[in-house]
Amino acid sequence: MMADTGSEDVAVIGNTDQTPSELQNNIKNTMVEKGGTLLKGLEISVAEAEKRTGKNAVSIQETYTVYLIETRAVDNVSEVANPTPDSLWRRYSEFEIFRNYLLVTYPFVVVPPLPEKRAEFVWHKLSADNMDPDFVERRRVGLENFLLRVASHPVLSNDKIFYSFLTQFFVLCLLFYSRLKALNATFRVKNPDKRFAEMKHYGDELQSVISQLLRVRARVADRLYGVYKVHGNYGRVFSEWSAIEKEMGDGLQSAGHHMDAYAASIDDILEEEEHYADQLKEYLFYTEALRAVCRKHELCQFELEMAAQDLISKKQQREELATGTVRTFSLKGMTSKLFGQETPEQRETKLKTLETQIEEGEEMVKERTAECDEFVKNAWEDIERFREQKDRDLKEALISYAIMQISMCKKGIQVWNNAKECFSKM
């Protein structure tokens, strides 16, 4: 829920005893344990989901789902046979707030995505209702995967707010919301970095091909469901036929049983299909995180170019003021012609002001350049990490999917071989 503190927006996640200054220190003082990840010392799971009913921020009754986060210290696991985990319930919207915090605090990181809020790329047998038990279960698995991704990340895992999100109630200041909007904006830069431009284009292309693949998979799932149900019809017809045959009856009935068993296995197979679809969807949503890093670089470059342009303008004004010549049309030049030249005292005062502004501008350009260089270094390091993770995960998923398809084909061949044996014995 949201609470209004008067001077700044705050997202309230449970209750807290922390002061605003302590919370701000949590946000600033990240990377507590460099070189390690939280997952090495903490077991994390989203153990279950529960449907609840309550009033929202505008006092309207609503039904929503909460998810139980459980954590156990790894040391406790070795000392106690079955240690009691720390646990707390969180809504999907709280996960969204936390991820937005990560996006703004670590703009150079390809932040892991959350599972879908509404079911997408579904085939006709699946419900698109976000309260559907199967969808809630898949989302539970996806939220656990999100937490494990963050907990195994070399930077994100050491964030104090992340540990608080897992283990205690806290208030998260939404000072980052305006910065989040800036990350979603598009800026035209004069000298774009070719690597980031290509990576942004790659993100667009990857999103397109994964979307197409998911649409094809949904159509194939529909067709596969129909094929399996046809085998159920075969089973029913063979069983009915067996009732009117004496010599062929046993063979027909046996063949019908094989067909029925094959048709009944469709739910397990399509559940496994959905598992692979969710793996693809994770990387569909990762593409937006990848593009967000590229947009942040555009913002860094844009701010650097604006600072450099402002510095050039100030130096030109200084030159014009010192020499008394105007190199380009300006309001200042027109004013001088209409009302006369400035006095030496006025010119001297303006020159001193410009000198101060130029010094500040030079310092700003240095700062912006250093910020851009640091961002590029950190971002490219994380993009390389993401690439390795993506290649490994998608390779494993595609191989497993191919193995599953081969297994299904073999099962179909086996069913018809069994039916052939039954028919041969008639």
| query | Any Lys/Arg nitrogen of Glu240 or Arg236 sitting under 4.0 Å from an Asp/Glu carboxylate oxygen of the other? | reply | yes
>> Under a 3.5 Å cutoff, is there a donor and acceptor pairing between the side chains of Asp382 and Tyr106?
In response: no
CG (Leu214) and NZ (Lys281) are apart, to the nearest 0.5 Å, by 6.5 Å
Measure centre to centre between the rings of Phe196 and Trp380, then say whether the value is under 6.0 Å. yes
Checking Arg91, Arg52, Lys51 against Glu62 for salt bridge (charged side-chain N to carboxylate O under 4.0 Å, His left out), the one that qualifies is Arg91
| query | Got a salt bridge between Arg140 and Glu137, using NZ or NE/NH1/NH2 to carboxylate O under 4.0 Å? | reply | yes
### Message
Check this for me: does any side-chain nitrogen of one of Asp310 and Lys314 sit under 4.0 Å from a carboxylate oxygen of the other?
### Response
yes
query = Do Phe165 and Tyr101 have their ring centres less than 6.0 Å from each other?
reply = no
- Query: Is any NZ, NE, NH1 or NH2 atom of the basic residue among Arg368 and Glu303 found under 4.0 Å from an Asp or Glu carboxylate oxygen of the other?
  - Reply: yes
- Message: Whether Arg139 and Glu116 form a salt bridge (side-chain N of Lys/Arg under 4.0 Å from carboxylate O of Asp/Glu) is what I want to check.
- Response: no
Heavy-atom nearest pair, Pro112 first then Leu156, reads CD-CD1, 3.7 Å
In terms of ring plane angle, is the pair Phe238 and Tyr234 parallel, tilted or perpendicular, where the classes change at 30° and 60°?
parallel
Note: Val136 and Ala49 closest approach over all heavy atoms is CG1-CB, 3.5 Å
The side-chain hydrogen bond (donor to acceptor under 3.5 Å, both in side chains) partners of Tyr401 (sequence neighbours excluded) come to Glu273, Gln405
Item checked: Test item: Arg149 and Glu282 side chains (from C-beta on) under 4.5 Å apart, heavy atoms -> yes
Result block: side-chain N/O donor-acceptor pairs under 3.5 angstrom for residues 243-257, not counting sequence neighbours:
| from | atom 1 | to | atom 2 | distance (Å) |
| --- | --- | --- | --- | --- |
| Glu245 | OE2 | Trp241 | NE1 | 3.0 |
| Ser254 | OG | Asp250 | O | 3.0 |

Q. Is Arg295 salt-bridged to Glu288, cutoff N-O under 4.0 Å?
A. yes
- Task: Measure up the Phe162 and Phe98 rings against each other and bin them: parallel (under 30°), tilted (30 to 60°), perpendicular (over 60°).
- Result: parallel
| Glu96/Asn100 under side-chain hydrogen bond (donor to acceptor under 3.5 Å, both in side chains): CA gap, chis, key distance, verdict | CA-CA 6 Å; Glu96 288 184 305; Asn100 285 338; over 6 Å; no
N-O pairing of Arg291 and Glu298 below 4.0 Å: no
Is the positively charged end of Arg99 above the ring of Phe146, judged by distance under 6.0 angstrom from the centroid and angle within 45° of the axis?
no
